[in-house]
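Beneath this line is the structure, given in structure tokens, with notes to follow.
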Protein chains: 2
Amino acid sequence: MHIVLANLSAVYSGRGNSILPPYDRMLLIKEDGSVSIHGDKGFKPMNYMVSKTEKTESYTETGELVWTFDSRNESLKVVLHKVYEEITFRSEEGTDPGVSADTTEKDLQSWLAENLTRIDENLSFIEREYQTGDGTVDILAEHSNGALVAIEVKRVAPMGTVGQVLRYTDALKEKIPSRRIEGTIAALEIKDKTRTLAKKKGVSLMELPEDWRESQDSPDAPES
Amino acid sequence: MHIVLANLSAVYSGRGNSILPPYDRMLLIKEDGSVSIHGDKGFKPMNYMVSKTEKTESYTETGELVWTFDSRNESLKVVLHKVYEEITFRSEEGTDPGVSADTTEKDLQSWLAENLTRIDENLSFIEREYQTGDGTVDILAEHSNGALVAIEVKRVAPMGTVGQVLRYTDALKEKIPSRRIEGTIAALEIKDKTRTLAKKKGVSLMELPEDWRESQDSPDAPES
DNA sequence: GGTTCCGTTAGGGTG
DNA sequence: CACCCTAGCGGAACC
């Protein structure tokens with residue numbers, strides 16, 4: 001990975017055409033030949049080349065450094081008016097393991113379905129993935145006070161989760177007007193803003209134990 | 001713009017859930033609160049947060065630095081196992097002028113508006129960006145047979161384009177019941193499935209030349 | 001603010 | 001290799 005902090009301008013030509021006037025930006029060139037120019041906002045680059053590129057170096061009439069990146073049907077010409085800093089960064093160890101899907105939330109959901117009463121003795125499990133009429137709630141349960149409880153399970157519960165639960169409870173009130181409806185957020189980690197908003201909106205919270213994977217209702221049926 | 005070169009791992013939770021095992025990568029934090037983690041290939045980040053985020057600093061039990069980026073509905077937790085280098089880069093001069101681009105479709109649209117009759121001599125241009133009553137059709141034209149023709153311009157026309165055109169023609173039939181209405185897809189590349197569906201639904205097709213940029217109705221008025 | 005639709009869509013899976 | 005569909009789609013324009 002090669003990082004160049006510079007005052008630069010660029011011209012892209014390929015699938016479309018674009019011009020980038022001079023300004024201070026970051027030019028990022030990776031091992032695989034992908035190139036991107038990052039400005040000071042957004043996670044997306046202002047210009048980029050996605051595929052393997054061939055880099056050629058040249059100079060303008062005024063002596064400014066020019067890097068041209070060519071691939072089969074595209075080309076990106078970058079004029080480096082002034083280079084502030086240049087860094088090469090490369091890992092010594094093997095290859096990047098890459099991103100992998102986190103199934104924690106689904107695992108947590110099935111775990112909670114089976115351990116619900118132990119977490120809150122007033123609750124009894126009814127159904128998973130219940131259709132509310134406005135989205136699917138993770139767990140539908142029944143409170144000893146007679147209310148139906150919509151439980152949204154999250155690993156981390158940001159503020160938006162409160163709104164999500166309210167949509168479910170609203171839909172359930174419409175769908176099953178005969179029952180009292182309550183909403184609950186069950187999560188390993190609940191953000192402070194979520195706590196505040198939940199309290200205000202009447203959504204209850206259920207903090208799940210960090211060691212939930214080791215904690216079970218019926219650990220192992222005893223051998224007879 | 002804040003660049004951190006580090007051995008890091010991350011957990012994302014929000015629209016999806018994913019985990020990123022430890023490896024050497026670049027963490028990029030911009031002024032606007034967007035965050036991205038770049039590996040050694042591709043121009044796309046391995047993980048990112050698009051919107052304004054709030055950064056909080058904490059430590060693991062083993063004393064490793066943790067940066068958590070929270071937004072309304074998402075959270076990205078980055079554990080910095082080892083920081084190799086940290087750079088802050090900010091331009092002194094004003095604001096970035098930004099990229100100016102010929103987006104292919106808009107370009108293609110205006111080109112076709114001016115070259116329509118040459119592509120199909122039975123058609124004459126009426127209007128661009130015409131409001132059908134159910135969306136805006138790219139070009140409205142008139143066929144020599146008297147029909148109004150709704151032309152949807154695309155660089156690549158996937159199957160869904162047929163439905164899009166049908167919505168426009170349906171809306172036009174309602175809006176202008178006195179006229180016969182036809183629908184056309186004009187594209188550089190038309191997928192086979194699109195062809196099949198278009199034929200079945202009575203939508204006609206117009207394949208545009210790959211070298212359209214060089215092809216003009218009145219190339220240049222000859223000097224006298 | 002919600003919805004629709006484009007993107008230099010990119011990238012993965014399948015035939 | 002081509003074609004298909006999906007995306008943590010993002011972002012912009014329009015309603």
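Owing to the predicted nature of the structure, the values given are computational and were not obtained by experimental measurement. Lettering of chains follows the sequences in order, A, B, ..., and the numbering in each one begins at 1.
For B/E105 and D/dA13, the CD to C1' distance is 13 Å, given to the nearest whole Å. With rounding to whole Å, B/L20 atom CG is found 14 Å from D/dG8 atom P. If you measure from atom CG of B/L188 to atom P of C/dC6, you get 14 Å, rounded to the nearest angstrom. As a whole-Å value, the separation of A/R15 CZ from C/dC6 P is 18 Å. Protein atom CG of B/D134 is 15 Å distant from nucleotide atom P of C/dT3, rounded to whole Å. Nucleotide C/dG7 holds its C1' atom 15 Å from the CD atom of B/E189, rounded to whole Å. Between B/D102 atom CG and C/dC6 atom P there is a gap of 18 Å when expressed in whole angstrom units. In this entry the distance linking NZ of B/K106 with P of D/dG11 reads 18 Å, nearest Å.
Remark: the A/D102 side chain and the B/S13 side chain contain no N/O donor-acceptor pair separated by less than 3.5 Å.
The closest donor-acceptor contact from the side chain of B/Y23 to the backbone of A/G94 lies under 3.5 Å. Between the side chain of A/W111 and the main chain of A/W212, a donor-acceptor pair closer than 3.5 Å is present. At distances below 3.5 Å, at least one donor-acceptor pair connects side-chain atoms of A/D32 with backbone N or O atoms of B/G42.
Position along DNA chain D of the nearest nucleotide to B/T136 versus B/M159 favours B/M159 as the more 5'-ward residue.
The shortest distance between the side-chain N/O atoms of B/Q131 and the OP1/OP2 oxygens of D/dC14 is not below 4.0 Å. Neither OP1 nor OP2 of C/dT4 sits under 4.0 Å from any side-chain N or O of B/R167.
Using a 4.0 Å heavy-atom cutoff across all strands shown, B/T103 reaches sugar-phosphate atoms only and no base atom. Heavy atoms of B/Y168 sit under 4.0 angstrom from primed sugar atoms or phosphate atoms, though from no base atom. Counting any heavy atom pair closer than 4.0 Å across all strands shown, B/Q164 reaches sugar-phosphate atoms only and no base atom.
Contact of B/E74 with D/dG8 (side chain to base): a donor-acceptor pair of N or O atoms is detected under 3.5 Å.
The nucleotide whose nearest atom lies closest to any side-chain atom of B/K191 is, among D/dC5, D/dC4, D/dG10, D/dC4. Proximity note for B/K193 (side chain, C-beta onward) versus D/dC5, D/dG8, C/dC6: the nearest is D/dC5.
For the C1' atoms, the distance from D/dA7 to C/dC6 is 15 Å, rounded to whole Å. C/dG7 sits 14 Å from D/dT6 when the C1' atoms are compared, rounded to a whole Å.
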Mind listing the N/O atom pairs, protein and nucleotides 13-15 of chain C, below 3.5 Å?
none

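In the region residues 22-53 of chain A, proximity to DNA chain C at under 4.0 angstrom, judged on heavy atoms, holds for A/M46, A/N47, A/Y48, A/V50.
Salt bridge absent: A/E114 and A/R128 never bring a charged side-chain N and a carboxylate O closer than 4.0 Å. The residues A/E152 and A/R167 are annotated as not salt-bridged, no charged nitrogen and carboxylate oxygen being separated by less than 4.0 angstrom.
Atoms OG and CD1, on A/S110 and A/I139 in that order, are 8.5 Å from each other to the nearest 0.5 Å.
A/Y12 places none of its side-chain heavy atoms less than 4.5 Å from the side chain of A/L20. Side-chain atoms of A/L116 and A/M206, non-hydrogen and from C-beta on, do get closer than 4.5 Å to each other.
The aromatic rings of B/Y48 and A/F43 sit parallel, their planes meeting at an angle under 30°, below the 60° perpendicular limit.
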